[in-house]
Amino acid sequence: MPELPEVETVVRTLEHQIQGREIEDVAVRTPMILECDPDQFRKTLIGQHFRTFERRGKYLLLYMDSVLFLSHLRMEGKYYLQAPEEPLDRHMHVIFQLDDGRQLRYRDTRKFGRMNLLPMDTDLLTFHGLGPEPFWDSFNADYIREYCKGRKEPVKSLLLDQHFVAGIGNIYADEICFACGIRPGRSCARMTKKDRENLVTETRRILTRAIAAGGTTIRSYTSSLGVTGRFQLECMVHEQKVCKVCGNEIRMKWIGGRSSYYCPHCQH
DNA sequence: ACACTGACCTGCGAGC
DNA sequence: TGCTCGCAGGTCAGTG
């Protein structure tokens, strides 16, 4: 569920909570969460401090003293800051003991999330083949036109393609299509110049609003609250029954293996 | 080269 | 009540 705005919220919350803290110990209870050797992971992180906090697409980038700690929450990954006395449940897979006595706990019911350690100088521009961030100048109408050359896939699938643009998931993809008045199943080859321009502005507008909404929750974080974002923005179409603009019934269609919600009256 | 499908996981809710 | 089944979704490997 975490998409770009939620990951951004998690990054900023962690920055606020644990910047400068040292990792005293690491317990890896579920090795499959790691993309590297668990012993190596533990040994490398012990003694390192959390220095700077960034995001690229849906990846959390935690820069330590001499290593880049990478975390992807996938569907249900969450971080908790808790006291060691608080009980662990069976979904808490990686525990970081901090030098202030607290523990940073990674919880993930479906074990889809992944962690890795990479060199500090890892090139994040081309990292994992990720496309531009929605807020980069390089994500513009001309870029979309070039990317779509020779492609016929649905606009919805395009938005979910992390090589096209980084950070958008199923919920925001539906919302962006609605905001643009484009049916999610329409071929990207049939977008007009105006559609491409709208896609850029509406993507940025919706993500900006969602980040702002997520950001407002940061103030209320307590030490044990899950550092995560549920969807902060009120959805216009995703999982809705009735269109909030025209009152028509919202339809659900299977596009690229994803449930896709749209208003047949407002979107063409 | 592009497009589509299944696997990875687990919890939950619908239906019988 | 208790079981099975399908669905949720991000990413990537595999296939057409």
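All of these numbers come straight from a predicted model, not from anything done at the bench. Just so it is clear, the values below take in all heavy atoms, side chains as well, and ignore hydrogens, waters and symmetry mates.
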[N], OP1 or OP2 - any side-chain N/O from [X] closer than 4.0 Å?
X: A/K111; N: B/dC8; result: no
X: A/H72; N: C/dT11; result: yes
X: A/R90; N: B/dC9; result: no
X: A/H91; N: B/dC9; result: no

Output the rounded distance in Å from [atom1] ([X]) to [atom2] ([N]).
X: A/Y59; N: C/dT11; atom1: OH; atom2: P; result: 6 Å
X: A/M252; N: C/dA8; atom1: CE; atom2: C1'; result: 10 Å
X: A/K78; N: B/dT10; atom1: NZ; atom2: P; result: 15 Å
X: A/K152; N: B/dA1; atom1: NZ; atom2: P; result: 16 Å
X: A/K156; N: C/dG10; atom1: NZ; atom2: P; result: 9 Å
X: A/H93; N: B/dC8; atom1: NE2; atom2: C1'; result: 13 Å
X: A/D108; N: B/dC9; atom1: CG; atom2: P; result: 11 Å
X: A/F112; N: B/dG6; atom1: CZ; atom2: P; result: 15 Å

So, A/E3 side chain and A/I171 main chain: donor-acceptor pair closer than 3.5 Å or not?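 Yes: the side chain of A/E3 pairs with the backbone of A/I171.
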
Heavy atoms only, 4.0 Å cut-off, all strands: where does [X] land among base, sugar-phosphate and nothing?
X: A/R151; answer: sugar-phosphate
X: A/S157; answer: nothing
X: A/G257; answer: nothing

Going by distance alone, is a donor N or O of one side chain under 3.5 Å from an acceptor N or O of the other, for A/Y172 and A/E6?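 The answer is yes; a qualifying pair exists.
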
Testing the 3.5 Å rule here: is there a donor-acceptor pair between the side chains of A/D89 and A/H91?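 A/D89 vs A/H91: no donor-acceptor pair found between side chains.
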
For nucleotides C/dG6 and B/dG6, find the distance between their P atoms and express it as a whole number of Å.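 Approximately 13 Å lies between the P atom of C/dG6 and that of B/dG6.
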
Using the P atom in both, what is the distance from B/dG11 to C/dT11, to the nearest Å?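 The same atom, P, in both gives a distance of 22 Å.
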
Nucleotide nearest A/T109 when distance is taken to its side chain, options C/dA8, C/dG10, B/dG11: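 Closest nucleotide among those given: B/dG11.
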
Out of B/dA3, C/dG10, B/dC8, which has the shortest distance to the side chain of A/L160?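 When the side chain of A/L160 is considered, C/dG10 is the closest of B/dA3, C/dG10, B/dC8.
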
Find out whether A/F50 and A/L98 are in side-chain contact, i.e. whether some heavy atom of one side chain is under 4.5 Å from a heavy atom of the other.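 Yes - at least one pair of side-chain heavy atoms lies under 4.5 Å apart.
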
Give me the stems containing DNA chain B, sorted by first residue, counting only three or more consecutive Watson-Crick or G-U pairs with both distances under 3.5 Å; say none if there aren't any.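 Stems for DNA chain B, defined as runs of 3 or more consecutive pairs: B:2-8 with C:10-16, B:10-16 with C:2-8.
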
From A/L117 atom CG to A/K43 atom NZ, the distance as rounded to the nearest 0.5 Å: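 Result: 13.5 Å between the selected atoms.
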
For the OG1 atom of A/T192 and the CG atom of A/N198, what is their distance to the nearest 0.5 Å?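 Taking OG1 in A/T192 and CG in A/N198, the distance rounds to 7.5 Å.
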
Please give me every residue in residues 118-131 of chain A whose heavy atoms get under 4.0 Å of an atom in DNA chain B, ordered by residue number.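 Correct list: empty, so none.
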
Can [Y] be reached from [X] by stepping across I, L, V, M, F, W or Y side chains whose heavy atoms are under 4.5 Å apart?
X: A/V155; Y: A/I255; answer: no
X: A/Y79; Y: A/L61; answer: no
X: A/V67; Y: A/L104; answer: yes

Classify the side chain of A/R258 and the base of C/dG10 as holding, or not holding, a donor-acceptor pair under 3.5 Å.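 Such a pair exists between side chain and base.
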
Pick the nucleotide of DNA chain B nearest each of A/G256 and A/Y147; which residue has the one closer to the 5' end?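 That would be A/Y147.
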
Given A/Y63, A/F41, A/Y106, the one that forms ring pair (Phe, Tyr, Trp, His ring centres under 6.0 Å) with A/F69: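 When ring pair (Phe, Tyr, Trp, His ring centres under 6.0 Å) is applied between A/F69 and each of A/Y63, A/F41, A/Y106, only A/F41 qualifies.
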
